[in-house]
Amino acid sequence: MLNIVLFGPPGAGKGTQSQKLITHYNLVHLSTGDLLRAQITQGTELGLKAKKLMDEGLLVPDDVVIGMIGSALETNPQASGFIFDGFPRTVAQAESLDRLMAAHGTHIGCMIALEVQEEELVKRLLERGKTSNRPDDQDETKIRRRVTVYNTETAQVAGYYATQQKFHALNGIGPIEGIFGQICGLIDQHQAAVPETPAAATNGVKA
Ligand code: ADP
């Protein structure tokens, strides 16, 4: 199995690159932002609570997003791998993800971080806000709060993966295809370095 965490601040291009990666590597895309917005659209109780926090640019509680990811893993038993986008956003979420992966007989292969400076992020998100219909993309104060939340709460997750030698950073500014090529280069390098063991492959055990 190939499980990738795509990391970076809001507006770094994780969603765009995820779409390309799922096609290229045949992965299932799990975006906690998309899963939460689906709950809002369905008008669930969880969605109503999450909406208030999301609209303010604040994080939704860990147990809520961890529960959603756990269910999403259960509903995709045939997947050949996952791309996690917008998750994990806290160290507690990263630890839970490791436990969930282990429970499914697999692990996170690597984490790839897209680095983009705040002024560029604000510009991109305000532009996206013109068409995305997302309240959190339409107000500069909320956008800057999301970037601050990323810098204070989420950036520590990079350290979590760095201690496991799974962290890679890339410049997220430049042509989409060029960045995609660099991400694929890192994933391919990683897969070549950690091949699936023949025993796991023949036993049908997910590596
Ligand atoms: P972006 O990366 O552009 O901020 P997302 O769609 O990933 O957009 O997330 C939108 C909002 O959803 C976040 O600001 C946060 O409120 C909530 N959210 C998404 N993922 C998580 C998560 N893993 N933990 C807590 N809150 C989350």
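Both ligands and their constituent atoms are indexed starting at 1 by order of listing. What you see below is based on every heavy atom in this structure, not just the backbone, and it leaves out hydrogens, waters and symmetry mates.
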Completion exercise
Ordered by chain then number, the protein residues lying under 4.0 Å from ligand 1 by heavy atom are Pro10, Lys14, Thr32, Gly33, Leu36, Arg37, Met54, Leu58, Leu59, Val60, Val65, Gly86, Phe87, Arg89, Gln93, Arg128, Arg134, Asp136, Arg146
Problem - Side-chain donor or acceptor of Gln39 paired with backbone N/O of Thr44 under 3.5 Å - result: no
Practice task
Could you tell me whether the side chain of Gln93 reaches within less than 4.5 Å of the side chain of Ile66, counting heavy atoms only?
Solution key: yes
Exercise for the section: Test Arg146 against Glu56 for salt bridge (charged side-chain N to carboxylate O under 4.0 Å, His left out), laying out the working first. Expected result: CA-CA 8 Å; Arg146 278 153 68 203; Glu56 289 307 313; over 6 Å; no
Problem - Ion pair Asp136/Lys142, N-O distance below 4.0 Å - result: no
Exercise for the section: Measure from NZ or CZ of Lys20 to the centre of the six-membered ring of Phe180 and say whether it is under 6.0 Å with the direction within 45° of the ring axis. Expected result: yes
Problem - Closest heavy-atom pair and its distance - Lys14, Leu6 - result: O-CD2, 3.3 Å
